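Here's the structure we're looking at; comments come further down.
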Amino acid sequence: MGGSAISGDLSRDALGPKISVPFWACRDYSLPPFADRDFLVLASSYSGNTEETLSAYATALERGCAVISLSSGGMLEEFSRSLGIPHLHLPSGMLPRVALPFMLIPILTILNKLGVIPPVEEDVIRTSETLKAILHLNSVETPTVDNSAKKLAVELSGYIPVVYGWRHLSSAAYRLMTDFQENSKVPAKSAVLPEANHNEILGWQASKNLTAIFAVILLRDREEPTEITARIEATRNLILRKRAGKILEMLAEGETNLQKSLSTVYKGLITSYYLAIANRVDPWETGVIDLLKRELEIRLKTKDEVSARIERLKP
Ligand code: PA5
């Protein structure tokens, strides 16, 4: 869920056509009915205590799926240790959304070791160099005039961000949205082309009093497929220009899907941090998520139920 699930989405976008088997991120208490002993389930929860993940993990074991778990501790790690399930212990003390590389890189490495995708080391090293350069260019010390993340945060201040992605930038669009929500504490939304051209665009027919509050960020790539460029331009010129409060762009960096996707995520993360500062809120505070988790834990008692299911799996 949340900051732990996005590494699954981003892996899928990064791999694109390189992956030869069905691969997706499951965000619920259970797994799709067709997930059986031929499936590998990577149960990823940074805290190791998220009830939806624990419940889906128990389902995977009950169905005989191959399972590998990832967490920085919590019940997930305890269960895996007690059942002899392979577990990757993540460094603790971070926020789940900040620990993204610690969950994403192992997923790619595991897929490579299983022979499902080609080696990723070189791509990972180049991605990390791209990210370091982005941080340098957009550091706290870099003045706004030379700092595109600070400039974008200034542009977004007072608006609701709407991020448009496509193909390998689809999950990046989703992640930018959640970073604006979680870090900057503003409502935000995201949409994906071409699907948005078949439904979402009608919402922009509302009165400009309503739509002018939205600032659109179009995710762009120097190597856009023709049909995507055409759709971005048509959507901008025919629909957004008439209604959106602002139209902005963010350009992906690098050459591979991994570099493009993560460079966009990183630019968004840094922007969401500056927007939090502009909004005078703590970017790393997530009290409402914790409050809701506690309330649901008391009402649903899912963790007790999962513990009982795990006990039944023991020989
Ligand atoms: O960003 C966050 O803190 C949340 O989205 C969490 O990632 C989400 O609640 C799931 O928790 P965890 O990642 O510990 O499984």
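Atoms within each ligand, like the ligands themselves, are counted from 1 in listed order. This structure is a prediction, so every number in the text was calculated from the model and none was measured.
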*Below 4.0 Å from any atom of ligand 1, which residues have a heavy atom? Give them in chain and number order, please.*
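For ligand 1, the contacting residues are Met1, Gly2, Gly3, Ser4, Ser45, Tyr46, Ser47, Thr50, Pro96, Arg97, Glu182, Ile289, Lys293.
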*Does any non-hydrogen side-chain atom of Thr50 lie less than 4.5 Å from one of Tyr57?*
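In short, these two side chains do not touch, never coming nearer than 4.5 Å.
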_Does any part of the side chain of Asp9, heavy atoms only, come nearer than 4.5 Å to the side chain of Trp24, both counted from C-beta?_
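No - every pair of side-chain heavy atoms lies 4.5 Å or more apart.
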*State which residues pass ring pair (Phe, Tyr, Trp, His ring centres under 6.0 Å) with His87; sequence neighbours excluded, sorted by chain then number.*
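If we apply the ring pair (Phe, Tyr, Trp, His ring centres under 6.0 Å) test to His87, skipping adjacent residues, there are no hits.
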*Qualifying ring pair (Phe, Tyr, Trp, His ring centres under 6.0 Å) pairs with a residue from residues 207-235, counting only residues at least two apart or across chains*: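 Residue pairs passing ring pair (Phe, Tyr, Trp, His ring centres under 6.0 Å), neighbours aside: Trp204-Phe214.
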*Between Lys267, Arg236, Arg222, which is the residue that forms a salt bridge (charged side-chain N to carboxylate O under 4.0 Å, His left out) with Glu249?*
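Between Glu249 and the candidates, salt bridge (charged side-chain N to carboxylate O under 4.0 Å, His left out) is satisfied uniquely by Arg236.
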*Who passes side-chain hydrogen bond (donor to acceptor under 3.5 Å, both in side chains) against Thr235, sequence neighbours left out?*
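Residues passing side-chain hydrogen bond (donor to acceptor under 3.5 Å, both in side chains) with Thr235: Asn197.
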